[in-house]
Number of protein chains: 2
Amino acid sequence: MVQERNKGAEKRERILQSAIKVFARKGFYNTRVSEIARTAGVADGTIYLYFKNKDDILISLFNDRIGKLNDEMERQLAALDSPSEKVKRIVSIQLGLLRGHKDLAEVITINLRQSNRFLKQYAAPGFNRYLDIIAAVIQEGQQSGDFRQDVSPRVAACSLFGALDGLSLTWVLGTRDADRLARAGQQVSHIFIEGLRAPETTGT
Amino acid sequence: MVQERNKGAEKRERILQSAIKVFARKGFYNTRVSEIARTAGVADGTIYLYFKNKDDILISLFNDRIGKLNDEMERQLAALDSPSEKVKRIVSIQLGLLRGHKDLAEVITINLRQSNRFLKQYAAPGFNRYLDIIAAVIQEGQQSGDFRQDVSPRVAACSLFGALDGLSLTWVLGTRDADRLARAGQQVSHIFIEGLRAPETTGT
DNA sequence: GCCGACTGAATCGGTGTTCATTTACAGCGC
DNA sequence: GCGCTGTAAATGAACACCGATTCAGTCGGC
């Protein structure tokens, strides 16, 4: 019974893993269900015991993984104090995805944007939570006096996310040199931390 | 003869316009060629007199429009002197796309990323030129002493592009309030200009 | 009446999904 | 142990649909 449930979960996971791998290489619409099945070592029909349809694979994939990423992000940020350190950590986690989970990062960076409707309907909640986590860090920095107040935390969050996404995109399309990516991360952290820093209240 | 060529170009343009409109609403893969044809007021077959196939529509679309955007960007930047002003202009042009060419901006922001292969093969040249233009501005700022030297112009360019892309994405998915977008633009300019500013060489 | 542009219904290949059948296996009586 | 059996999981060939593309025919200007 319990073992069966485990086995079921394990198979579902194997299908998701395979989907990530194939989507990353071919893109969602150029991937056939039969190829995911083959990669996962199951029959075509088996996919439909675990997912409602092909769309559901992408949606489950995203929700599952972005949820874990958000949890991990919150956990790590909670252990840090300074807003600047937190910004650095956000940068390293988002770019770190490309190291540790290259295929997943590619799917999120490239293939997730399929259509307006898809994004709005399915990806928005997880994406918004991600942005909220970043925005909370910015706001915290503003309250502590580290960051300037005349920037909307939400705008800063979208920008930071976007900047990292842009770097990921060009990295995926280009050299894929890990060191280079790490250096880029430091520079982006720098730009944002300096760009957000509250002006020194000299005199008056 | 000439008129025919004009008429031909005009029809091609009408098809592109229609494609932009429909792609923006439904996404590339959920758009059927017959719908582009209907929107353009031509027969299905006519599309194939002007484009090799459906992919070719998206590719032509992107190359044509990104080319014009790059040209316009270069033209406007050439008329400005200070690197900070140039950064502000880059921001306002990229976000301005959403005002003036909402559908096009949506297609570029959301639907262009279809697959790794597609991006690498067809979109990369135009995209790289865009990044090069931004990177040149950063580099110029570094040479004039306005911007710090320890940030790679390319990294800064990817980040700035990405930040604006991220804002566009959330704006498209969310409120779509023009004023809010304009304010966001000012804030991003601010973050990047301050974040890139060379430290004052106090003393020593 | 010739030529090129245009039309749009028919074609045809491809693929997501289904479902009749098979397999795996746990429980059970002997 | 050992067959028996009921059930759930898995299979994969067949189906049904769909939409990109084609092309034989029409149109319109010269």
Side-chain angles (χ1 to χ4, degrees), chain A residues 1-62 107 111 114-115 117-118 121-122, chain B residues 1-62 107 111 114-115 117-118 121-122:
Chain A
M1 212 40 61
V2 172
Q3 198 186 357
E4 266 171 27
R5 199 176 300 149
N6 281 347
K7 250 178 69 183
E10 188 234 320
K11 190 160 288 190
R12 188 189 147 95
E13 180 58 27
R14 214 167 68 223
I15 294 171
L16 282 183
Q17 288 283 8
S18 305
I20 292 174
K21 201 182 298 181
V22 187
F23 287 163
R25 208 172 58 243
K26 305 207 164 189
F28 180 73
Y29 284 102
N30 292 314
T31 293
R32 40 242 85 240
V33 173
S34 62
E35 193 166 356
I36 298 174
R38 190 161 48 71
T39 307
V42 301
D44 294 10
T46 306
I47 303 265
Y48 291 87
L49 299 175
Y50 295 89
F51 301 93
K52 196 153 53 68
N53 51 38
K54 190 184 172 190
D55 281 5
D56 189 38
I57 301 175
L58 185 60
I59 295 165
S60 304
L61 182 49
F62 177 71
V107 172
N111 292 298
Q114 292 300 344
S115 76
R117 222 192 84 258
F118 180 87
Q121 197 156 2
Y122 301 109
Chain B
M1 215 34 66
V2 173
Q3 197 186 357
E4 266 171 27
R5 199 175 301 151
N6 282 347
K7 250 177 68 183
E10 188 233 321
K11 189 160 288 189
R12 188 189 146 94
E13 180 58 27
R14 214 166 68 223
I15 294 171
L16 282 183
Q17 289 282 8
S18 305
I20 293 174
K21 201 182 298 180
V22 187
F23 287 162
R25 208 172 58 243
K26 305 205 161 190
F28 180 73
Y29 285 101
N30 292 313
T31 293
R32 53 233 80 223
V33 173
S34 63
E35 191 165 359
I36 298 174
R38 190 160 48 71
T39 307
V42 300
D44 295 8
T46 306
I47 302 268
Y48 292 87
L49 299 175
Y50 293 90
F51 300 93
K52 195 153 55 70
N53 51 38
K54 191 184 170 189
D55 282 6
D56 189 38
I57 301 175
L58 185 59
I59 295 164
S60 303
L61 181 50
F62 177 72
V107 172
N111 293 298
Q114 293 299 345
S115 76
R117 223 193 82 259
F118 180 88
Q121 196 155 5
Y122 300 109

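Note on naming: letters A, B, ... go to the chains in the order of the sequence lines (proteins, then strands), and numbering restarts at 1 for each one.
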Could you check how far [atom1] of [X] sits from [atom2] of [N], rounded to whole Å?
X      : N       : atom1 : atom2 : result
D44(A) : dG16(C) : CG    : P     : 9 Å
Y48(A) : dA9(D)  : OH    : P     : 19 Å
N30(B) : dC18(D) : CG    : P     : 13 Å
Y29(B) : dG16(C) : OH    : P     : 12 Å
F28(A) : dG16(C) : CZ    : C1'   : 10 Å
Y50(A) : dA9(D)  : OH    : P     : 7 Å
K54(A) : dT17(C) : NZ    : P     : 8 Å
L49(A) : dT23(C) : CG    : P     : 17 Å

- Query: Any side-chain N or O of T46(A) under 4.0 Å from OP1/OP2 of dT11(D)?
  - Reply: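 Answer is yes, contact under 4.0 Å.
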ask   = Can you check whether S34(B) has a side-chain N or O nearer than 4.0 Å to OP1 or OP2 of dG19(D)?
value = no
Whichever of T31(A) and G45(B) has the more 5' nearest nucleotide on DNA chain C, that residue is G45(B)
Looking only at heavy atoms, the pair that brings I36(A) and S18(A) closest together is O-CB, 3.8 Å
Is K21(A) salt-bridged to E35(A), going by a charged N under 4.0 Å from an acidic O?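 E35(A) and K21(A): not salt-bridged.
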Please answer whether the main-chain N or O of D56(B) pairs with a side-chain N or O of S60(B) as donor and acceptor at a distance below 3.5 Å. yes
Which of dA10(D), dT21(D), dT17(C) is nearest the side chain of K11(A)? It is dA10(D)
Taking dT17(C), dG8(C), dT11(D) as options, the one with an atom nearest any side-chain atom of V42(A) is dT11(D)
- request: Evaluate the side-chain contact (heavy atoms from CB on, under 4.5 Å) criterion for residues Y29(B) and Q114(B): first the C-alpha distance (whole Å), next the side-chain angles of each, then the deciding distance (0.1 Å), finally the verdict.
  value: CA-CA 9 Å; Y29(B) 285 101; Q114(B) 293 299 345; 3.4 Å; yes
